[in-house]
Amino acid sequence: MRDEWRWFNEARLGLFIHWGAYAAIGHGEQSLFRDHLDQAAYAEAACRWNPTRFDPHRWAEVAAGAGMRYAVLTSRHHDGYCLWDSQYTDYTSARQAPGRDFVREYLEAFRAAGLRVGLYYSLADWRIPAYWDGPDRDPEGFAAFREYVHNQVRELLTDYGHLDVIWFDGAWPHSQEDWRSAELVETIRSLQPHILINNRLGLADDDAAEEGVGRSRTLGDFGTPEHQIVADPERMWESCQVSTWRLWGYATGERWRPADVLLDMLVEAAGKGGNLLMNVGPTPDGELPVEFVAQMARIGRWMERHGEAIYGSAAGDVTEFITYGRQTRVGNNLYLVIRFWDRRGEVRVAGLQTPVRRAVLLTTGQEVPVRQVGDVVTVTDLPQEPPTDLFPVIRLEFDEPPQAAPWAVDRLWQGDPARMSDWAALRGRSVWTDGLPRP
Ligand code: GLC
């Protein structure tokens, strides 16, 4: 991996911000299309949208407090409204009611808080007929629209300083060739060689249609599984997830995922070797919803104590542990992130054949006794009551990278099932109890 990209794997947790004029409607970021709104009325309302309480320093403070290391803001979503002062359109926060360049303010505040910064940019612009018609039906219109897109991307990469991530979306229904994505990538690289580009630049003609969102297998530095946490075998990846149960943009009547569900998404991503980009849809006024702020404060407190199990961790599915929680690995340490604390005062992990040197209950910082018989590791003297209302973590220390016993290298429904037959044979081969003493 390129050296200048290492921060991304270190970071593990980032903030996704879906914010735009649609926040005022309060039905997510795609209301224009999904509610089939009147285009002219929508544009007029967007021009009047004027969030007076937008304070990106406050946003950055919440993000940093949650232990996030980077952020990605929607500079423009599918509705085409731009949050920066673009010279290519006046449909922007700078030239309409707010009279402010929100992108610039966001970038400055987040950088000042020590966070890496990214911009989301939707290739789609639902206002423009040529986008819908496409290059076959309207070659000239589409070419002009594509030039507009390329110009805006170049503008963002030229006038806004050092960006760490550019996050495309909305390539559907057009191909990589239609968007001239390869050319766009070249431009981006020439302007900011270090930048990370996501994989939603449209399908190549010979790509099997992976998904409607146009995730390319051939272009892009990192994968973007959405609403799911699955490793991308070919590159770094980041799962993007809503912190509510529904929409990315602000919505009234939203339901919020509890803090343990949010934390579990992070741990699952880290446990599989990827990042979590956790979304928030700020209010029409420009504030982070109070529910989100409260959840992030809890995540932040947990990260303060347990961050070493997350930052820079590698996929940790060393042995069978799924019924208790998840595992991450950093160097020779194996972290047991325990989702279900069963109040037995001990935790038993089977299938670890590397000798354990030491165990620490990270949540309290205390060393705890550990014994190992064969490949069964038992950590004892643990408190009955969970030491945190989120997930306690135990750090198992080894002198070399921990290895699973052969039977436990694969999970239950994977691998060669015959590896378990000797284990079963220890009891015998009959369906009868065969000589077990009757009670
Ligand atoms: C989907 C949605 C879009 C959202 C994005 C985030 O592609 O169309 O609204 O911004 O996911 O990953």
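Because the structure is predicted, anything quoted here is derived from the model rather than measured. Numbering of ligands and ligand atoms starts at 1, following listing order.
Those atoms of ligand 1 that come under 4.0 Å of a heavy atom in Glu29, given as number and element, are 3 (C), 9 (O). Near Phe16, meaning under 4.0 Å from any of its heavy atoms, are these atoms of ligand 1: 6 (C), 12 (O). Which parts of ligand 1 touch His77 is read off a 4.0 Å heavy-atom cut-off, strictly below it: atoms 3 (C), 4 (C), 9 (O), 10 (O). Residue Gln30 has at least one heavy-atom neighbour below 4.0 Å for each of these atoms of ligand 1: 2 (C), 3 (C), 8 (O), 9 (O). The distance from ligand 1 to the heavy atoms of Cys240 drops below 4.0 Å at these ligand atoms: 12 (O). Distances below 4.0 Å separate heavy atoms of Tyr120 from the following atoms of ligand 1: 10 (O).
Within the 3.5 Å criterion, the main-chain N or O of Pro402 finds no donor-acceptor partner in the side chain of Thr354.
Residues His150 and Trp179 come closest through the heavy atom pair NE2-O, 2.8 Å. Of all the heavy atoms in Ala259 and Ile299, the pair that sits closest is O-CD1, 3.7 Å.
Neither the backbone nor the side chain of Asn279 comes within contact range of ligand 1; no heavy atom lies under 4.0 Å.
Between Phe110 and Tyr106, the ring planes are tilted. Angles from 30° to 60° get that label. A tilted orientation is assigned to the rings of His18 and Trp248, their planes being inclined by 30° to 60°.
The shortest separation from a heavy atom of Trp167 to ligand 1 is under 4.0 Å, placing the residue in contact.
Within the 4.5 Å cutoff, the side chain of Leu163 has heavy atoms near those of the Leu119 side chain.
Ranked by closest heavy atom to atom 11 (O) of ligand 1, the top entry among Glu226, His227, His78 is Glu226. Checking Gln241, His18, Arg34, Arg200 against atom 4 (C) of ligand 1, the nearest heavy atom belongs to His18.
Sorted by first and then second residue, the side chain to side chain donor-acceptor pair (under 3.5 Å) pairs with a member in residues 116-127 read Arg76-Tyr121, His77-Tyr120, His78-Ser122, Arg116-Asp164, Tyr120-Asp169, Tyr121-Gln152, Asp125-Arg127; sequence neighbours excluded.
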